[in-house]
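This report refers to the structure that appears directly beneath it.
The chains referred to below are lettered A, B, ... by the order of the sequence lines, with proteins before strands, and numbering in each begins at 1. Note that the coordinates shown come from a computational prediction; the quantities given were computed from them, not determined experimentally.
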Amino acid sequence: MKIKSQLNQIVTQALLDADIPANDIIVSDATRPEFGDYQFNGVMKLAKVLKKNPRAIASDIVKHINTTGMISKVEIAGPGFINIWLNNDWLSTEATNILNDSRVGVGIVEKPQKIVIDYSGPNMAKQMHVGHLRSTIIGDTLATLLTFLGNDIIRQNHIGDWGTQFGMLIAYLEEQNADTEHQNLKDLEQFYKNAKIRFDQSEAFANKAREYVVKIQQGDAHCLTLWKQFIESSLGHCEEVYSKLGVNLTHDDVRAESFYNSELPNIIKILKDKNISTNSNGAECVFLEGSDAPVIVQKGDGGFLYATTDLAALKFRATNLEADRICYVVDARQAGHFKQVFAISKQAGMVGNDVNLEHIAFGTMMDKSGKPFKTRDGGTIKLIELLDEAIIRAKATIEKREDYSEEKFNEIAYAIGIGAVKYADLSISRESNYLFSWEKMLSFDGNTALYLQYGYARIQSIFRKHNAKLTGNIVIGDELEHRLALMILKFEDTLTKASIEATPHTITTYLYDLTTLFMRFYEQNPILKEGVTEDVKMSRLQLAQLTANVIEQGLEILGIKVVDKI
RNA sequence: GCACUCGUAGCUCAGCUGGAUAGAGCACCCGCCUUCUAAGCGGGCGGUCUCAGGUUCGAAUCCUGACGGGUGUACCA
C-alpha cells in the first residue's frame with residue numbers, strides 16, 4: 001500500500017482547491033501519536049511566500065481536505081501544523097484485503113529498472129574472511145529487495161582472479177603435482193599458507209612464481225589450465241560460504257576481473273583518443289579536477305590497474321548489460337576510487353549520463369575495543385568459521401528452552417545463528433562502522449533477528465491453538481489495533497524508501513517497530529482467551545496473521561529464515 | 001599537507017531532503033504470569049545532540065570555523 005503518495009495527492013488537491021500554488025507537497029510521519037498518523041508541515045514555508053498568516057492558510061487547506069475516504073480527521077496545531085488521522089474503516093478494509101496476498105500488499109514499481117549490483121567480490125587468492133561479510137550480506141539484500149519490487153536485477157560477483165599472487169599459488173600447485181588435483185586444495189587455507197612459506201623460503205621457488213605471473217599473462221596453456229583449476233577450487237569454497245549464508249549468488253553471477261583483460265587496451269585507447277588521459281612520469285594518468293594525485297590507468301611497464309578494470313566493467317555494464325542503475329557494494333574506504341572512476345567513465349562516454357552510478361558504501365566491522373575485527377593473534381577471521389560459531393552459539397541460546405528433536409534443533413539453531421549475524425550487520429546504518437558482539441546479536445531483547453523470530457513464533461503458536469479458518473473482517477477496536485493495522489500497511493512505503501536509499505536498516509527498524517507493537521497488542525488484547533467474542537477474535541487473528549506475513553516477507557528480503565517454534 | 005568521513009544517554013545505536021517535549025535497546029531500579037511462548041509487557045532513571053559562530057519564524061539536521069577520532073592520498077586491489 002502506497003500510503004504516502006496517496007496522502008500527498010489528497011493534500012496537493014486540497015491546496016489546488018484552495019487556490020494555493022502546490023508543488024512537491026510531502027506529508028511525513030507524525031512525530032508523536034497524539035499528533036495523528038501523518039502530518040503536513042509545509043504551511044509555515046508557504047506562509048512566508050504568500051505573506052499570510054500560517055494558521056489562516058492551514059485552515060483554508062484543511063477545509064478542502066477530502067475526509068470521506070482514507071482520512072478521518074484533520075487538525076491544525078501549533079503555528080500551522082496539519083495533523084492527519086487515517087480512517088479506521090479504511091484501514092480495516094485495506095488490511096482485510098491483503099490477508100491472502102502473497103506480497104502482503106506491496107505493489108510493483110511503476111518504472112522497473114535494469115539494475116546491476118556488484119557485491120561480495122572475494123579474492124580467489126585468499127579464503128573468505130569477515131571483511132567480505134558486509135558486502136555479501138548487504139548486496140544480497142539489495143538484490144532481493146529490488147527484485148521483489150519488480151526490477152530486473154543482474155548480480156555481478158567481480159571476483160579477484162588476476163594478479164601477482166596467482167603466480168605463487170600456481171607454482172605451488174604444480175610443485176605439489178596436479179595428479180592429486182583437488183585433493184591438495186581441500187584445505188585451501190593451508191594451501192595458501194604453504195605456498196607463502198615456500199615463497200619466503202626458496203629463492204628458486206620465488207623466481208618460478210614470478211615467471212608464472214608472466215606466463216599466465218602471456219596465455220601459456222599449461223599455466224592457464226592450472227590457474228583455472230585453482231580458481232574453480234577456490235570459488236567452490238566461496239560457494240560453500242554462500243550456501244551456508246543463504247546468499248543467492250551462483251556461478252552464473254561470476255564475472256571475474258580477468259573477464260575484462262582483453263578490453264583493457266581499448267579503455268586506454270578511448271581515454272587517449274578523447275584526451276582524457278596523459279602520460280606522466282611514464283604512466284598513463286587521468287588528472288581530475290579538485291585532486292592533485294592522478295588516477296593511473298596504465299603503469300610505466302604497460303601493466304593495468306584496478307581503475308582500468310573498473311572502467312572496463314562500467315562500460316560493459318552500461319553497454320552490454322544495458323543497466324539503468326549500477327550499484328557497487330564496497331567498503332567505504334574505496335569512496336575516492338569510485339568517485340574517480342565514475343567521473344572518468346561518464347566523461348569518456350563509457351557510461352551514459354542517464355545511468356545512475358552508486359557506491360553503496362559501508363563501514364568497517366569492529367571488535368569490542370573498537371579496533372578492526374581480527375583474531376587474537378591479529379589474523380583475519382575466516383567467514384566459514386564465524387558462521388559455524390554463530391550456529392553453535394545459537395544452540396547454546398535455545399537449548400534449555402524446549403525439547404526439540406535433533407533435526408528441529410539444528411534447523412532452528414541454523415535460522416537463529418545465521419539470522420543473528422546477518423541482522424546485526426543489516427540493522428546498523430550501513431555507512432557507520434559496526435561493533436561485532438555475539439551477546440548483542442543473539443539476544444532476545446532489543447532490535448535483533450531473534451526478537452523478530454520469537455515474535456513470529458508466538459504468532460504461529462496462536463494458530464496452532466486456533467487451527468481453523470479465518471472468517472469475517474478486521475475491525476479496529478482501539479488505538480493499538482489502529483496503529484498495528486497502519487504499521488502493516490506501511491510495509492510498501494518502507495521497502496520503497498529502503499530501495500531508493502539502499503538502506504536495509506530502514507527495513508529492520510520497521511520490522512522491529514512492527515514486532516514491538518504486536519507484542520504490546522498481544523499483551524493487552526486477548527485473542528483466544530475466554531470472553532472474547534467471535535468477531536473480535538477473528539479480527540485479532542487476522543491482524544496477527546498479517547503481522548506474521550509481514551515479518552516473514554520482510555525477513556525473507558533480508559535473507560533471514562523464520563521458524564514456527566523457538 | 002590536502003581530501004573524505006564521523007562526533008547524539010554510562011554503553012550500542014536510530015533520527016539528519018530543517019518542524020512541536022531529541023527516540024530505541026543494553027545496563028540499573030520498580031511493577032505484571034492458575035488463562036494465547038514472562039527469552040514477554042508496563043513504568044522509572046539517564047541528554048549543554050563535541051564546541052563556537054551564522055542562516056531561519058524554527059537547527060541534532062543546513063553553512064563556516066575550531067577541537068577530537070577514523071579513512072584515503074602516483075604506478076597493490
Side-chain angles (χ1 to χ4, degrees), chain A residues 24 26 28 30-32 34-35 39 41-45 47-48 54 77-81 83 121 123 125 158 160 162-165 257 280-285 287 290-307 309-310 330-337 339 361 363-364 366 368 370 372 397-398 400-402 427-429 431-435 437 439-440 443-448 450-451 454-455 457-466 501 505-506 508-509 512-513 516 519-532 537 540-541 544 565-566:
Chain A
D24 298 332
I26 293 176
S28 51
T31 50
R32 320 171 70 83
E34 58 265 40
F35 297 151
Q39 57 182 241
N41 304 329
V43 173
M44 281 77 84
K45 260 177 214 138
K48 197 178 205 174
F81 297 102
N83 296 335
N123 190 322
H158 189 85
W162 205 247
T164 48
Q165 327 91 303
E257 244 185 295
S280 169
N281 291 332
E284 195 64 20
C285 297
F287 289 89
S291 152
D292 39 347
V295 179
I296 300 177
V297 289
Q298 188 169 24
K299 296 194 279 186
D301 66 4
F304 303 104
L305 291 118
Y306 81 135
T309 311
D310 275 336
V330 182
D331 193 299
R333 282 172 289 195
Q334 308 261 352
H337 165 72
K339 205 175 166 190
T364 313
M366 307 293 210
K368 263 179 240 149
T397 305
I398 60 166
K400 287 186 224 90
R401 209 176 153 79
E402 206 179 314
S427 60
I428 206 86
S429 102
E431 294 197 66
S432 52
N433 295 339
Y434 106 87
L435 209 112
S437 157
E439 292 70 30
K440 203 180 157 193
S443 168
F444 274 87
D445 304 315
N447 190 6
T448 64
L450 188 45
Y451 178 81
Y454 176 63
R458 280 183 104 171
I459 296 173
Q460 299 317 305
S461 172
I462 298 170
F463 283 101
R464 274 195 294 276
K465 257 190 188 112
H466 170 64
E501 294 167 2
H505 85 283
T506 311
T508 61
T509 302
Y512 176 63
D513 289 343
T516 305
M519 293 284 199
R520 293 177 58 190
F521 158 79
Y522 178 83
E523 294 282 334
Q524 289 182 38
N525 299 17
I527 301 175
L528 301 178
K529 293 184 183 178
E530 291 285 317
V532 181
K537 182 170 98 178
R540 290 180 181 167
L541 278 171
K565 220 188 257 187
I566 292 178

(message) What's A/Asn83 touching, base or sugar-phosphate or nothing? Going by heavy atoms closer than 4.0 Å.
(response) base

(request) Kindly label the base of B/C33 as syn or anti, based on whether its glycosidic torsion lies within 90° of 0. (result) syn

(request) State which of B/U37, B/C76, B/U73 makes the closest approach to the side chain of A/Lys299. (result) B/C76

(message) Give me the distance, rounded to whole Å, that separates B/U71 from B/G44 when you measure between the C1' atoms they each carry.
(response) 41 Å

(request) Give none if B/G40 has no partner; otherwise give the nucleotide forming a Watson-Crick or G-U wobble pair with it, both distances under 3.5 Å. (result) B/C32

(request) Give none if B/U55 has no partner; otherwise give the nucleotide forming a Watson-Crick or G-U wobble pair with it, both distances under 3.5 Å. (result) none

(message) Under 4.0 Å, heavy atoms only, any strand: does A/His505 hit a base, just the sugar-phosphate, or nothing?
(response) sugar-phosphate

(message) Under 4.0 Å from OP1 or OP2 of B/G72: is there any side-chain N or O of A/Lys339 that close?
(response) no

(request) Provide the closest heavy-atom pair for A/Asn447 versus A/Tyr512 in the form atom of the first, atom of the second, distance. (result) OD1-CB, 3.3 Å

(message) Any N or O donor-acceptor pair under 3.5 Å from the base of B/A74 to the side chain of A/Ser280?
(response) yes

(message) Heavy-atom nearest nucleotide on RNA chain B for A/Pro526 versus A/Tyr434: which residue maps closer to 5'?
(response) A/Tyr434

(message) Which heavy atom of A/Ser437 sits nearest to which heavy atom of A/Lys440, and what is that distance?
(response) OG-N, 3.1 Å

(message) Students often get this wrong, so: under 4.0 angstrom with heavy atoms, is A/Glu439 touching a base, only sugar-phosphate, or nothing?
(response) nothing

(message) I want to verify a distance call: between B/A77, B/G72, B/A74, whose nearest atom is closest to the A/Arg333 side chain?
(response) B/G72

(request) Please tell me which of the listed nucleotides, B/A74, B/G40, B/C36, lies nearest to the side chain of A/Met519? (result) B/G40

(request) In whole angstrom, give me the gap between the C1' atoms of B/G58 and B/C67. (result) 28 Å

(request) Tell me which nucleotide among B/C75, B/C36, B/A74 gets nearest to the side chain of A/Ile462. (result) B/C36

(message) Check for me: is A/Tyr522 stacked on B/C36 by the 5.5 Å centroid and 30° plane-angle rule?
(response) yes

(request) Return the nearest nucleotide to the side chain of A/Asp445; candidates are B/U73, B/C41, B/C26. (result) B/C26

(request) Please work out if A/Ile527 contacts a base, only the sugar-phosphate, or nothing of the nucleic acid, heavy-atom cut-off 4.0 Å. (result) base

(request) Might you work through the side-chain contact (heavy atoms from CB on, under 4.5 Å) test for A/Leu435 and A/Ile428, ending with a clear yes or no? (result) CA-CA 9 Å; A/Leu435 209 112; A/Ile428 206 86; over 6 Å; no

(message) Measuring only the P atom in each nucleotide, how far is B/G43 from B/A3? A whole number of Å is fine.
(response) 49 Å

(message) Using a 4.0 Å heavy-atom cut-off, does A/Ile26 contact any base of the nucleic acid, only the sugar-phosphate backbone, or nothing at all?
(response) nothing

(message) With a 4.5 Å cut-off on side-chain heavy atoms, are A/Ile462 and A/Leu541 touching?
(response) yes

(request) Sticking with atom P, work out how far B/A60 lies from B/A52, rounded to a whole angstrom. (result) 13 Å

(request) Find out whether A/Thr309 and A/Trp162 are in side-chain contact, i.e. whether some heavy atom of one side chain is under 4.5 Å from a heavy atom of the other. (result) no

(message) Nearest to the side chain of A/Glu523, heavy atoms from C-beta on, is which of B/C41, B/A14, B/U37?
(response) B/C41

(message) By the 4.0 Å heavy-atom rule, please label A/Glu431 as base, sugar-phosphate, or nothing.
(response) nothing

(request) Would you classify A/Phe35 as touching base, sugar-phosphate or nothing, given that sugar-phosphate means primed atoms plus P, OP1 and OP2, and contacts are heavy atoms under 4.0 Å? (result) base

(request) When you get a sec, tell me which of B/C41, B/A20, B/C57 is the closest nucleotide to the side chain of A/Lys48? (result) B/C57

(request) Determine the interplanar angle of the A/His337 and A/Tyr306 rings, folded into 0 to 90°, and report it as parallel if under 30°, tilted if 30 to 60°, perpendicular if over 60°. (result) parallel

(message) Applying a 4.0 Å non-hydrogen cut-off, can you work out what A/Lys529 is touching in the nucleic acid: base, sugar-phosphate, or nothing?
(response) base

(request) Both distances under 3.5 Å, Watson-Crick or G-U wobble: report the partner of B/U50, or none. (result) B/A66

(request) Have a look at A/Ser437 and say if it touches a base, only the backbone sugar-phosphate, or nothing, with a 4.0 Å heavy-atom cut-off. (result) nothing

(request) For the side chain of A/Asp292, starting at C-beta, report the closest nucleotide among B/G1, B/C75, B/A20. (result) B/G1

(request) Using the C1' atoms only, state how far B/C16 lies from B/U5, rounded to an integer number of Å. (result) 15 Å

(request) Classify the nucleic acid contact of A/Ala77 as base, sugar-phosphate or nothing, counting any heavy atom under 4.0 Å across all strands shown. (result) base

(message) Between A/Thr397 and A/Phe444, is there a side-chain heavy-atom distance shorter than 4.5 Å?
(response) yes

(request) Please state the C1' separation for the pair B/G7 and B/U61 - nearest whole angstrom. (result) 14 Å

(message) Need one value for A/Met44: base, sugar-phosphate or nothing, where a base atom within 4.0 Å counts as base even if backbone is also close, heavy atoms only.
(response) base

(message) Checking base pairs now: Watson-Crick or wobble, both atom distances under 3.5 Å. What partners B/U61?
(response) none

(message) Let me spell it out: for each of A/Gly303 and A/Ser432, pick the nucleotide of RNA chain B with the closest heavy atom. Which residue's pick is nearer the 5' end?
(response) A/Ser432

(message) Which nucleotide wins on minimum distance to the side chain of A/Arg520, given the candidates B/C41, B/A20, B/C36?
(response) B/C41

(message) Under a 3.5 Å cut-off for both contacts, is B/C2 paired Watson-Crick or G-U wobble with anything, and if yes, with which nucleotide?
(response) B/G72

(request) Pick the C1' atom in B/U64 and in B/G40, then give their distance to the nearest Å. (result) 50 Å

(request) Using a heavy-atom cut-off of under 4.0 Å over every strand shown, decide if A/Leu435 touches base, sugar-phosphate, or nothing. (result) sugar-phosphate

(request) State whether the number of non-hydrogen atoms from other residues, nucleotides or ligands found under 6.0 Å of A/Asp301 atom CG is greater than 12. (result) yes

(message) Applying a 4.0 Å non-hydrogen cut-off, can you work out what A/Lys565 is touching in the nucleic acid: base, sugar-phosphate, or nothing?
(response) base

(message) What contact category does A/Gly300 fall into here, base, sugar-phosphate, or nothing, at under 4.0 angstrom with non-hydrogen atoms?
(response) base

(request) May I ask which nucleotide in the shown strands pairs with B/C26, Watson-Crick or G-U wobble, both distances under 3.5 Å? (result) B/G10

(message) Whole angstroms only, please: what is the CZ-P distance between A/Phe81 and B/G18?
(response) 13 Å

(request) When you get a sec, tell me which of B/C13, B/G23, B/G25 is the closest nucleotide to the side chain of A/Tyr512? (result) B/G25

(request) Quote, to the nearest angstrom, the P distance that separates B/G31 from B/C13. (result) 33 Å

(message) For the base of B/G40 and the side-chain ring of A/Tyr454, does the geometry meet a stacking cutoff of under 5.5 Å between centres and under 30° between planes?
(response) no

(request) Would you mind reporting whether A/Tyr522 and A/Arg540 have side-chain heavy atoms less than 4.5 Å apart? (result) no

